[in-house]
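Structure first, then comments.
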Amino acid sequence: MCEECISCPFPIGNGFQRIRRSSDPAGYNRSYCSQLTGSRIVTNRMGEWIVEKNQILKIYGTDYLQMTKRILEESELISLIRDKNCRIGIKPNLVSPSEASWGATTHPEVAAGIIEYLQAHGCTQIVILEGSWVGDVTSEAIRVCGYDRLAEKYGVELIDTQKDSYHTQDCAGLELAICDSAKTIDFMINVPVLKGHCQTKVTCALKNMKGLIPNKEKRHFHAMGLHRPIAHLSIGIPQDFIVVDHICGDLDFEDGGNPVVRNCVMAARDPVLMDAYVCRLLHYQVEEVPYIGLAETLGSGCADVSQAEIRVCGAGKEEMDQELPYATKVVELRDAVEEVESCSACYGYLLPALDQLRDEGLLDQLEEKICIGQGYRGKTGKLGVGQCTSGFAYCIKGCPPTEGQIYEGLKAYLRRQESPDGGDQQPG
């Protein structure tokens, strides 16, 4: 047993062991017990001792609200919330103003299922909080995705973190700016969308917390290379429970547009294990997504998928056995791009624009690579996208430029490329 173990009313065989607190900078208390075969013991913010289990629950169907309520009952979520008057945060993915059916944003029915479950169990202080990516306005995403109507219907608070104040916090040795509203939450329920990402390959539980940092920090994340700050953010904003929208995520682009229908909702307690499982579903090795292993090293969870117990609630075994298609679009389109520290929105709008050009047989006509990203600030070159390449001979300006602006700008460039004197002219 651990050196600091003390008496506990729960038998070890049931997966519980009370130990002396050992606080970490995130406000959580973590330790390990060899008697529990390496299970991670944590306390929630109310000081109650629980074991973070290795289960990932899945449910299939088309009634997303009822599916969500059932999987939360199966997960015994309420047993983790020791104070029903605590402030419970629901963090969806509202990356941009696009309806959930496009494969980028969290279905409001899933959020509604969580709220109904919590309210039925007597929880009174519920808040939805989110900030869209740089370049889009959260209030517009809230409106398009129906979260304003959702908040009004259930009488819950709705916070746009793009308008929030923020503070700097030491996140296991890395200073990060975090929205103040995140620190008011006693129990955080993360509700990401399982989807692909043009820079990190996958995005799910860990990366979804980026919506709780200010826009300037989002840009800074890209300057730092994304993976390290995402991992450290898991210490700065710990997650108490994860409900994954695996209904129709886009497996190529985080902004959606190519939804792959799966009609599944998943639940877990370990964000690292959840993301490691997502890698397996999307045909990646965990090592191909460095922030997952980094988060494990920091103590945020387990990245060993072999330790996961996957359980389906009700019918759905046949659906679970069906493999997801391989995401190939991003890999094929990257060859046309030289990317250095680009923000997700800028890069995320570029790739679908290139996909359109490819469909029209125009992409192969580009004679040089497209430069994009903060790493090109103050530099010169031939063809660039975004304000950071404003010093280039031909730049499609914007912070970020939209997918349509990039598409039209590149078509204009190709037309001018055919003219010996027109290739370096700026877009009209």
### Task
Would you please test I213 and Y166 for side-chain contact (heavy atoms from CB on, under 4.5 Å) and show each step?
CA-CA 8 Å; I213 61 176; Y166 60 89; over 6 Å; no
### Query
Distance from C123 atom SG to I114 atom CD1, nearest 0.5 Å?
12.0 Å
### Task
Decide side-chain contact (heavy atoms from CB on, under 4.5 Å) for I185 and M188; before the verdict, give the C-alpha distance in whole Å, the side-chain angles of both, and the deciding distance to 0.1 Å.
CA-CA 6 Å; I185 301 302; M188 183 71 78; 4.0 Å; yes
### Modelled atom types, side-chain donor and acceptor of N93 and T105, under 3.5 Å
no
### Task
To the nearest 0.5 Å, tell me how far L354 CG sits from I406 CD1.
8.0 Å
### Task
Measure the CD1-SG distance between I81 and C86 for me, rounded to the nearest 0.5 Å.
6.0 Å
### S181 backbone acceptor or donor facing D164 side chain under 3.5 Å
yes
#### Entry: Spatial distance of atom CD1 (I235) from atom CG (L233) [nearest 0.5 Å]
9.5 Å
### Query
Is there a donor-acceptor contact under 3.5 Å from the side chain of N54 to the main chain of Q307?
yes
### Query
Hey, is E73 close enough to K69 for a salt bridge, meaning N to O under 4.0 Å?
no
### Query
Would you find a donor on one side and an acceptor on the other, under 3.5 Å apart, between the side chain of E296 and the backbone of A303?
yes
### Task
Could you tell me how the ring of H107 sits relative to the ring of Y64: parallel (under 30°), tilted (30 to 60°) or perpendicular (over 60°)?
perpendicular
## Note on the structure
Scanning both residues in full, the closest heavy-atom pair of L174 with D170 reads N-OD1, 3.6 Å
### Message
If you compare all heavy atoms of G236 against all heavy atoms of K183, which two are closest, and at what distance to 0.1 Å?
### Response
O-NZ, 4.3 Å
### Message
Assess, by modelled atom type and distance only, whether the side chains of E360 and Y407 contain a donor and an acceptor separated by less than 3.5 Å.
### Response
yes
### Query
How long is the span from the CG atom in L351 to the CZ atom in R358, to the nearest 0.5 Å?
10.0 Å
### Task
Would you check if the side chain of D250 reaches a backbone N or O of N258 as a donor-acceptor pair within less than 3.5 Å?
yes
#### Entry: Donor-acceptor under 3.5 Å (D275 side chain, L206 main chain)
yes
### Query
So with a 6.0 Å cut-off around CD of E157, is the heavy-atom count from everything else above 12?
yes
### For Y154, the option from R149, E116, Q119 that meets side-chain hydrogen bond (donor to acceptor under 3.5 Å, both in side chains)
E116
### Query
Do E339 and Q199 have side chains that get closer than 4.5 Å, going by heavy atoms?
yes
### Query
Taking K195 for the side chain and A104 for the main chain, is one N or O donor matched with an acceptor at less than 3.5 Å?
yes
### Query
Heavy atoms, side chains only, cut-off 4.5 Å: are R269 and I242 in contact?
no
### Message
Which heavy atom of H222 sits nearest to which heavy atom of Q374, and what is that distance?
### Response
CB-NE2, 3.6 Å
### Query
Taking all atoms of both residues into account, what is the closest heavy-atom pair of C179 and H167, and its distance?
O-CE1, 3.9 Å
### Task
Please examine the side chains of V286 and D304, heavy atoms only from C-beta on, and report whether any two atoms are closer than 4.5 Å.
no
### Query
For C399 and R219, what are the C-alpha separation, side-chain angles and deciding distance, and is it a side-chain contact (heavy atoms from CB on, under 4.5 Å)?
CA-CA 11 Å; C399 189; R219 292 188 179 96; 4.0 Å; yes
### Message
Using side-chain heavy atoms (C-beta onward) and a distance below 4.5 Å, is I396 in contact with L410?
### Response
yes
### Task
Quick one: closest heavy-atom pair of H283 and E323, and the distance?
CE1-OE1, 3.5 Å
#### Entry: L158/V127 under side-chain contact (heavy atoms from CB on, under 4.5 Å): CA gap, chis, key distance, verdict
CA-CA 6 Å; L158 183 57; V127 55; over 6 Å; no
### Pair F253-W102, ring pair (Phe, Tyr, Trp, His ring centres under 6.0 Å): steps then yes or no
CA-CA 11 Å; F253 307 121; W102 281 60; over 10 Å; no
### Query
Should we count CD of E309 as having more than 12 external heavy atoms under 6.0 Å?
yes
### Query
Got a donor-acceptor contact below 3.5 angstrom from the Q162 side chain to the D136 backbone?
yes
### Electrostatic pair K207-E254, nearest N-O below 4.0 angstrom
no
### Query
Do side-chain atoms of H232 reach the backbone of C171 as a donor and acceptor pair under 3.5 angstrom?
yes
### Task
Kindly indicate, with the supporting measurements, whether the criterion side-chain hydrogen bond (donor to acceptor under 3.5 Å, both in side chains) is fulfilled by Y277 and K58.
CA-CA 12 Å; Y277 180 58; K58 308 179 74 169; 3.0 Å; yes
### Message
Can you give me the closest heavy-atom contact between A308 and L273, atom names plus distance?
### Response
CB-CD2, 3.9 Å
### Query
Are any side-chain N or O atoms of N208 and backbone N or O atoms of K91, one a donor and one an acceptor, separated by less than 3.5 Å?
yes
### Task
Please report the C-alpha distance between E217 and K210 in whole Å, then the side-chain angles of each, then the deciding distance to 0.1 Å, and finally whether the salt bridge (Lys or Arg N to Asp or Glu O under 4.0 Å) criterion is met.
CA-CA 9 Å; E217 187 65 276; K210 270 190 70 188; over 6 Å; no
### Query
Any side-chain heavy atom of M209 within less than 4.5 Å of one from N190?
yes
#### Entry: L176 vs M224 side-chain heavy atoms within contact, under 4.5 Å
yes
### Any side-chain donor near an acceptor of the partner, D255 and S96, under 3.5 Å
yes
### Query
T161 side chain to G211 main-chain N or O, any donor-acceptor pair under 3.5 Å?
yes
#### Entry: Close side-chain approach of M266 to L57, heavy-atom, < 4.5 Å
no
### Query
In a check of side chain to side chain contact (heavy atoms under 4.5 Å, CB included) between C346 and each of T389, V134, I372, which one passes?
I372
### Message
Quick one, S132 and V95 - any side-chain contact, counting heavy atoms below 4.5 Å?
### Response
no
### Task
Measure the spacing between OH of Y284 and CD1 of I292 and express it to the nearest 0.5 Å.
11.5 Å
